[in-house]
Structure formats: structure tokens, C-alpha cells
Number of protein chains: 2
Amino acid sequence: MKKVKISDAVVRRLPIYLRFLTELHNQKIKTVSSASLGQKLDMNPAQIRKDLAYFGEFGQKGVGYDVDFLIDKIRNILKLNQQIYVALVGAGNLGRALCNYNMYLKDNMKIVAVFDAGDSKIGERINDLIVQPMAELRQTIAERAIRIGIITVPADEAPTVAKQFADAGVEAILNFAPVKIRLPKEIRVHNADFTTELQSLAFYLDE
Amino acid sequence: MKKVKISDAVVRRLPIYLRFLTELHNQKIKTVSSASLGQKLDMNPAQIRKDLAYFGEFGQKGVGYDVDFLIDKIRNILKLNQQIYVALVGAGNLGRALCNYNMYLKDNMKIVAVFDAGDSKIGERINDLIVQPMAELRQTIAERAIRIGIITVPADEAPTVAKQFADAGVEAILNFAPVKIRLPKEIRVHNADFTTELQSLAFYLDE
DNA sequence: TAGATTGTTAATCGATTAACAATC
DNA sequence: TAGATTGTTAATCGATTAACAATC
């Protein structure tokens, strides 16, 4: 495992492999080939083999990949083998939806703190979480070893929140606000803005 | 404007340009160069010029781009110059969040119908929308000229919903469920799955 | 005119796919 | 052994960036 630079395109495919492999695991399927994976995921088998080969030799020639073994490997690559704590800022509808989402039950990612800038929401309950004021963000992140921040505030507030996350020592941010977040490049920012997503969809409408 | 194939990468950048140009418009800024756009958006100016040039000659040499003119052009390219109706299936937290979102107030995209498979939610009110049973999907989509479908149901139900959307004549789908949707390729599917997004973020954590 | 900036071609860079020797 | 499938190299394809003539 040398220090080859892994492209973002490769990294983004790993969760997709993981997801499908987990499905195979649930179906008690023990082994899978890149050909059959490729067929199910609508991807080129060579690409799948190459993606995996960046991280090691996980397959067996003439046989394919052991499903459970590969799941374990990908989880390790994605660092999902450890518990990762997440904080969310913005207790609006979207924020609440994410908190409620059971996704974090698997995959060792868990939203453990919610913040909001507006007084009205402080103290509100979202499942087992209580909405905290922004003033507590820094300390909570430090205390609870929170490493990822999710931003679900309106666009105009998002850059400030991002800054606060960064100052508090968060390592990565998932931004749902439709705005460009500018942070030092040590901090990874992914965008999940569905306005953009919807608008680019419109391009493909027929007329 | 020949029949050059426009790459998806280009199309996905157009909404980003549009967003920033709208900001400039609000600030009463009349003209912008690819250089300053590039600086603000952290993109290569040549790329911006090239992207725009696929669709026409929108700039003026020595001057730059007229903000309002360019906004209009991009809106036309993205087909946002017409009212586009959207239906949503899955009245859970995420679905409600999207319905509440005011994004559709601008940009002529509007969620005009919500459906859910579970009896319990039928008849519930989300703003000015009433949750309808799946049995009404087909007819409502036809009657109201709905062209885009949003899927916010659990992964196991998503493929069925996608099929129903397709059969009802929807032209494009935005899928929030963490599952691969397979449809005839005339129907454009974009994925907005934040589980995947979060997992690939984890890769970039420090250790 | 001089300075600025586009539109576009050519050069570069990176990602995907094909092909195949190695080997289970 | 014969068939299957990997890991990897080489070929292809596509996207980004640099460079610059055209021109406002």
C-alpha cells in the first residue's frame, strides 16, 4: 500500500461497493466476481478491480472476492471500523430529518450533538438529543471528540457555521446549504445541495 | 449551437454559476469576468468560459459577461424558464423537509403532490399539500403535468416507486434512497444519498 | 490607442476501459 | 488439467488547463 494518490472518484465509489456487498452478505452470498458486481451496479468490472487494487490484493484469481472479507477491508479503508461522532448545526426540518435517520445506526457514524442559532429551538428534543446553543459548540465538539460537522442552516449562515466548525477542530464537513464553503484545505468539505441537484436534472428534461 | 454532447460535469456546474450570478445580481453588480467568477468559485476561468461557450457567445471581449443576461441564458439552458412540477413519494421526515423547503419558491420548481405508501400518513397535511395514496400517483402525474419525481422512501421500496414514476411518465428522478435505481435510460436519475456522502467523507479523516 | 477579456485551439492531465499474463 | 477471474499494464477516452489571436 504505497502513497499513491487516491482520486475522489474512487473514494466515492467505495461506499457504493460497500452497500451492495452488505446486501450480498445479508443474502448469505459468500463470493462475488468483479463481473457480477459490475453487472449489478452498472459499472465496468475493470474499474471495480482497479479501484480495489489501489488498497491491496483482496481477490483470488479464478475465484473472485470473499464478500465478508471485502466488506471488512472497505470498512477499514473508509475508517468506518471506528465509532465516528458527528455534530449537526441547524435544527430545521432537514436537520431533524437527518437526526431521525437511522443510517447512523449502522456504519458507526452517529450524530451526537445538535445546535441551532435561534433561541426558539434551544432545549427542544430530537429523539435523544437536545438542541444546544451555538455558544456550546466549541466545548461540546472537544469533549465528545466530534470529527465531522453537518450544516443544515440557510445559505447566509452557512459560512459562519463552517468557520465555527473549523475553529472547533472538526476534520470534515457535509454542507447542505446552497453556498460555496471556503475553508483551509486540511478540512474536507462535501456538498449535498439538492437545489443544485434538481436544477441540473431539469437540463435533461425533454423540451 | 451544434449538437455537441454536453458532459454531465458541465451541466452540474451551471447551477453553481447561476447561484453565484444571482448573488451578484442582488448586489446590483452588472458585469463579471471569468477571472473574478473563477476566483470566487475556486474554479479555473478557462473552464468557466469553455462551459459557457458550449451554449453560445455570452460574453464580450475586453469586458466580461453581463450578469443579468447570463442569468437569463443559464436559466434557459437549464429549462428553468418554465414552471416545472415535481412529485414526491415518501412523507417521512426527509420528504417533509423537502416539501417545506422554500427552494422551490425560486427557480420555477415546485413540489405539487406528495404520496405515501403507508395508510397512516394519507390525508396528512404538509403546508398546502395533502398526502395522497400511491393509487392516485399515475393519474395525478398525468393531470398536473408533473415531470420530475423525488424519492424519499426507504431503500427497499425505492425501486418500486421508481418504476411507478417511470410508468406514470415522469422524465427525471431525484433519488434520496441509498440504492441503485435501474430504469430505461431515457429517464434521468440523479442520486442524493447522504449516507454515501458521509461515508466517503470519513475516508478523509486524519487517522 | 492600450488594456482587458473573451472564445477557442492545442497541450496536458487524469480517469476509464481493454487486454492479457499470472494463477487459483 | 481446463475454466475462471484477478491484478496490472497499455490504450483510449474525456476533461481540464494553458495559451493566444480576435476584439471590445
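Convention: sequence-line order gives letters A, B, ...; per-chain numbering from 1.
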Are Asn100(A) and Asn127(A) close enough, and set up right, to give a side chain to side chain donor-acceptor pair (under 3.5 Å), and what steps lead you there?
CA-CA 7 Å; Asn100(A) 281 310; Asn127(A) 296 346; 3.0 Å; yes

How does protein reach along nucleotides 16-21 of chain D, written 5' to 3' as B (base within reach of a heavy atom under 4.0 Å), S (only sugar-phosphate), or - (no contact)?
BBBB--

Whole Å only: how far is the [atom1] atom of [X] from the [atom2] atom of [N]?
| X | N | atom1 | atom2 | value |
| --- | --- | --- | --- | --- |
| Arg12(B) | dA15(D) | CZ | P | 13 Å |
| Leu70(A) | dT6(D) | CG | P | 11 Å |
| Gln60(A) | dT5(D) | CD | C1' | 10 Å |
| Ile48(A) | dT6(D) | CD1 | C1' | 13 Å |
| Phe55(B) | dG7(C) | CZ | P | 13 Å |
| Leu52(B) | dT6(C) | CG | P | 9 Å |

With respect to the phosphate group of dA4(D), does any side-chain polar atom (N or O) of Tyr65(A) fall under 4.0 Å of OP1 or OP2?
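Tyr65(A) to dA4(D) OP1/OP2: no side-chain N or O under 4.0 Å.
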
So, does Arg75(B) use its side chain to make a donor-acceptor pair with the main chain of Leu80(B) at under 3.5 Å?
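Here the side-chain-to-backbone pair exists.
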
Do any N or O atoms from the side chain of Lys79(B) and from the backbone of Phe203(A) form a donor-acceptor pair under 3.5 angstrom?
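Checking the backbone N and O of Phe203(A) against the side chain of Lys79(B), a donor-acceptor pair under 3.5 Å is found.
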
Could you go through Asn108(B) and Tyr85(B), starting from their C-alpha distance and side-chain angles, then the distance that decides it, and tell me whether this counts as side chain to side chain donor-acceptor pair (under 3.5 Å)?
CA-CA 8 Å; Asn108(B) 300 23; Tyr85(B) 294 125; over 6 Å; no

Give me the one residue out of Arg13(A), Arg19(A), Arg12(A) that meets side chain to side chain donor-acceptor pair (under 3.5 Å) with Thr196(B).
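Of all the options given, the one that passes is Arg19(A).
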
Under a 3.5 Å cut-off for both contacts, is dT12(C) paired Watson-Crick or G-U wobble with anything, and if yes, with which nucleotide?
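Matched dT12(C) with dA15(D) under the 3.5 Å cut-off.
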
Does any nucleotide pair with dT23(D) by Watson-Crick or G-U wobble geometry, both distances under 3.5 Å, and what is it?
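Matched dT23(D) with dA4(C) under the 3.5 Å cut-off.
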
